[in-house]
Amino acid sequence: MQASDPQSHVSPRLLDNLNPEQRNAVTLGRESALVLAGAGSGKTRVLTTRIAYLIQTGQVSPSGLLAVTFTNKASREMLTRLTSMMPINTRGMWVGTFHGLCNRMLRAHYRDVNLPQTFQILDSGDQQSAIKRLLKALNVDDEKFKPREMSWFINSAKEQGLRSHVVEAKDEFTRRQVEIYQAYDEQCNREGVVDFAELLLRCYELLSKNKPLCEHYQNRFKFILVDEFQDTNRLQYKWIQLLAGSRTAEQSNVVFAVGDDDQSIYGFRGAEVGNMRDFQRDFANGNVIKLEQNYRSEGAILDAANAVISHNKDRLGKNLWTDAGKGENLRIYPASTDLDEAEFVVEEARTLNREGMAFADMALLYRSNAQSRVLEHALFRSGISYRVYGGLRFFERLEIKHALAYLRLAGNPDDDGAFSRVVNFPPRGIGARSVEQVMDLAKRYNISLYAAAANGIANGDLAGRAGLAVGSFLKICEALKSSSGKVSLAELVDECLELSGLKTHYAAEREGADRLANLSELVTACAQFEETFEGPLEGEEPTDALTSFLTHASLEAGEHEAGESDDALQLMTVHAAKGLEFNAVFLSGCEEGLFPHEQSMNDFDGLEEERRLMYVAITRARKRLYLTYAGSRMLHGQTRYGVVSRFIDEIPEALCKWLVVPDKNAAYGAHFGAGGFNGGYIGNSGVRAGGLGSDNASSGSAYTGHKQSYSSQHYAEQGNQPYGRQGAPDTTRAGFETKKADTHPFAVGQNVKHEKFGEGVVVNFEGRANDARVQVKFRTEGVKWLSLQYAKLSVL
DNA sequence: GTTTCATCTGTTTTT
DNA sequence: CAGATGAAAC
């Protein structure tokens with residue numbers, strides 16, 4: 001390797017435009033290293049360029065390296081970039097997520113791990129229902145052992161590499177949990193299914209127990225690259241250790257780990273930041289490369305991020321810098337309510353758009369999904385197109401799950417989860433009673449539900465109406481099973497939708513149109529999948545298209561990729577935004593209890609993780625960042641009063657520009673009337689420094705008379721400590737509702753009465769003055785739009 | 001056996 | 001507030 005300069009073989013521009021640290025990382029020799037890559041420091045670029053570099057310099061063949069990421073998106077991105085850098089056939093390369101790669105190994109050695117070739121993967125929902133089913137079968141009180149908590153217990157044990165027989169049980173309760181854990185694993189084995197954590201654990205055990213096999217992989221993967229290392233859990237760490245080989249340092253494979261401890265935001269699901277420290281000890285041996293130059297955000301944004309994260313105690317230490325200018329200050333908007341916050345975002349996004357920024361370059365972020373509702377509502381009314389990421393994904397939709405359950409049964413009749421999901425869906429006269437009979441039979445003979453049902457009918461245990469109904473269900477499954485080898489995947493699904501009666505069922509249902517559309521989307525998805533589906537590589541176990549598709553459905557859940565074309569504002573949680581960047585970012589709900597979330601703010605680790613989450617949020621923005629919070633918001637059906645997030649307080653005042661809406665009416669009046677008034681709020685820096693009183697008084701006559709309004713009251717009362725306990729929420733509330741009454745008397749939620757339609761409640765409104773219309777949900781007449789000008793509507 | 005209504009509950013992030 | 005579950009009506 002030293003004989004000839006390896007760089008001479010490298011394609012001409014591969015290493016261009018890399019800064020010294022990046023280049024260092026890319027061209028590193030045969031040694032393990034930890035790359036501490038700050039947000040926006042070109043992490044993915046380094047990772048992919050290194051792969052290209054290793055291949056081009058002949059240090060490794062494409063099949064001799066293993067690159068593992070955390071998300072499907074990241075691995076796809078890696079492959080895309082790689083193919084754009086060099087002509088390469090990525091098929092056969094071991095690039096994927098932890099779960100994807102483990103799945104691949106388990107499929108290849110399914111006999112060694114005691115799994116059926118067609119084993120299926122339980123997603124978290126499937127796992128939950130499996131546990132519920134188990135608890136019922138064991139006659140365990142699911143109030144005392146809640147399925148949620150049980151799945152947490154089981155998953156965290158697995159993520160630490162612990163099987164039930166080695167879990168320590170200090171008390172009776174835990175002992176019982178361990179028993180359930182064991183029973184759960186037995187159930188999964190019986191049914192031939194694995195959950196997410198099992199995928200990793202089973203693979204780890206395969207390698208650790210099967211020395212020749214482990215050595216085979218160790219010999220193969222000379223270079224191992226790990227993305228988002230801070231998100232790895234203990235089991236993943238040990239898996240990497242196994243593959244790296246625990247031989248002498250010279251012989252051991254090279255592990256190149258890239259991560260950012262400041263962006264570790266998955267501790268709640270078992271990720272251990274501590275792995276980064278351990279890695280330095282076990283692998284890198286002090287070999288740490290820091291990427292600290294940020295190419296994404298402008299100065300003020302970056303400074304704010306650094307300031308916030310500096311409050312964390314437990315850090316490896318890293319400070320991002322940029323040679324971009326200071327840029328704009330962060331804009332902070334204290335909204336009166338969540339509705340006000342949403343309206344602000346709408347107005348502001350519109351203004352930015354008018355000024356030339358595409359909506360698609362803006363993101364609206366929130367801490368928890370529940371917050372998106374109000375925001376979406378405001379966007380919907382404004383007519384701005386938007387896209388929500390996350391939420392329920394394609395393969396998680398109920399109707400899709402049902403259809404997939406039939407397909408799973410076609411592939412593996414022992415899948416009791418799938419069986420119970422659809423025995424009586426669509427309803428075919430198999431009630432709880434009949435299902436119980438089948439379950440009893442299954443338990444008595446220790447066989448699957450499917451087998452029990454078949455036996456029961458054959459030997460008369462299951463007779464009469466119940467027997468007939470169950471028989472018809474089994475017929476459907478058999479028909480699908482016999483078709484599965486013969487027809488194409490898409491045809492099979494089509495047949496499944498017909499035979500099962502799902503199509504008919506949803507066609508008859510009042511609100512079934514969407515579900516029907518999704519089902520036909522499923523057929524399309526199958527056709528597409530089949531097109532790209534390639535048989536096994538040489539030496540690989542053949543996997544049929546059906547099993548592959550079902551695996552794909554569990555592992556990838558189907559991100560929404562439609563609608564890329566139109567210019568839509570992007571809505572997502574902060575977690576979902578990790579790795580992305582936008583010209584403008586709105587971070588909503590910057591309130592204590594929400595962000596930091598109340599579930600996390602009480603313990604030290606939780607709070608530090610929340611702060612890292614804040615750091616992630618801030619560093620998503622390139623040019624402009626808005627932080628908004630609301631004095632009150634609806635949460636779980638009741639109004640909650642919030643105070644500004646401590647994280648905002650951790651941002652130096654000099655980087656902030658406070659936006660205040662002194663009076664909504666004045667702002668709207670100006671907005672709709674005179675054209676010149678832009679936005680309706682006044683920039684105010686130094687508010688928190690205590691200068692507000694005078695600032696407020698001098699900033700214009702338009703609103704000085706409205707001391708009632710939330711913002712001014714807020715500051716007037718609280719001076720330079722804006723987030724003390726909320727003093728007078730009642731005034732706030734009154735102020736807000738008065739405002740509503742001014743626009744028209746029928747606020748959302750108002751109970752009203754109509755001469756013809758009777759009583760109802762206002763659910764929406766639009767327009768103003770003469771052409772105002774309200775949407776009313778009547779008790780008996782359904783939902784109607786009414787024009788206030790004509791409809792005789794009275795307040796109740 | 002199925003539908004509907006009412007009550008309850010749980011609320012962070014996800015491969 | 002919404003989704004899930006359970007009890008009573010159909």
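Quick note on labels: first sequence line is chain A, next is B, and so on, each numbered from 1. Worth knowing before you read on, the calculation uses all heavy atoms, side chains too, and leaves out hydrogens, waters and symmetry mates.
- One finds no side-chain N or O of Ser75(A) lying less than 4.0 angstrom from the OP1 or OP2 phosphate oxygen of dT15(B).
- Following rounding to the nearest Å, Glu143(A) (CD) and dT9(B) (P) show an atom-to-atom distance of 7 Å.
- Nucleotides of DNA chain B nearest to Ser368(A) and Arg433(A) differ in position, and the one nearer the 5' end is that of Arg433(A).
- The shortest distance between the side-chain N/O atoms of Ser434(A) and the OP1/OP2 oxygens of dG1(B) is below 4.0 Å.
- Within 4.0 Å of Tyr266(A), counting heavy atoms only, lie sugar-phosphate atoms of the nucleic acid but no base atom.
- Of the candidate nucleotides dC1(C), dT13(B), dT15(B), dC1(C) has the atom lying nearest to any side-chain atom of Met634(A).
- Here His575(A) does not pack flat against the base of dT13(B), since the 5.5 angstrom centre distance and 30 degree tilt limits are not both met.
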(request) Could you give me the CA-CA distance, side-chain angles and deciding distance for Asp227(A) and Phe70(A), then say whether side chain to side chain contact (heavy atoms under 4.5 Å, CB included) is met? (result) CA-CA 7 Å; Asp227(A) 190 17; Phe70(A) 219 75; over 6 Å; no
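- Residue whose closest nucleotide on DNA chain B sits further toward the 5' end, between Phe196(A) and His597(A): His597(A).
- With a cut-off of 3.5 Å on both pairing distances, dT13(B) has no Watson-Crick or G-U wobble partner at all.
- When rounded to the nearest whole Å, the span between CD of Gln638(A) and C1' of dG10(B) equals 12 Å.
- Contact annotation: Asn424(A) side-chain N/O to dT2(B) OP1/OP2 distance is under 4.0 Å.
- Of the charged side-chain nitrogens involved, at least one lies within less than 4.0 Å of a carboxylate oxygen, so that Lys158(A) and Asp185(A) count as a salt-bridged pair.
- Here Phe70(A) does not pack flat against the base of dT15(B), since the 5.5 angstrom centre distance and 30 degree tilt limits are not both met.
- In this structure, Arg393(A) does not pair ionically with Glu556(A), as no charged nitrogen and carboxylate oxygen lie closer than 4.0 Å.
- Separating the CG atom of Leu607(A) from the P atom of dT12(B) is a distance of 17 Å, rounded to the nearest angstrom.
- For Pro427(A), whose side chain is taken as the heavy atoms from C-beta onward, the closest listed nucleotide among dA2(C), dT15(B), dT2(B) is dT2(B).
- Residues Glu341(A) and Ser588(A) have side chains that never bring a donor and an acceptor to within less than 3.5 angstrom of each other.
- The phosphate of dT13(B) (OP1 or OP2) has a side-chain N or O of Asn369(A) nearer than 4.0 angstrom.
- Between the CE atom of Met276(A) and the CZ atom of Arg315(A) there is a distance of 12.0 Å, given to the nearest 0.5 Å.
- A side-chain donor-acceptor contact under 3.5 Å links Asn155(A) and Gln127(A).
- Neither OP1 nor OP2 of dT2(B) sits under 4.0 Å from any side-chain N or O of Arg428(A).
- For Lys132(A) and dT5(C), the shortest distance from a side-chain N or O to OP1 or OP2 is below 4.0 Å.
- You'll find that the side chain of Ala576(A) is closest to dT14(B), out of dT12(B), dT14(B), dT15(B).
- A sub-4.0 Å separation between OP1 or OP2 of dA4(C) and a side-chain N or O of Arg148(A) is absent.
- Taking 3.5 Å as the limit, the base of dT15(B) and the side chain of His99(A) contain a donor-acceptor pair of atoms between them.
- For dT13(B), the base has a donor-acceptor partner in the side chain of Arg367(A) [N/O atoms by modelled type, under 3.5 angstrom].
- Across all strands shown, dA4(C) forms a Watson-Crick or G-U wobble pair with dT7(B), both key distances being under 3.5 Å.
- For Lys146(A), counting side-chain heavy atoms from C-beta on, the closest listed nucleotide (dT13(B), dG10(B), dT12(B)) is dG10(B).
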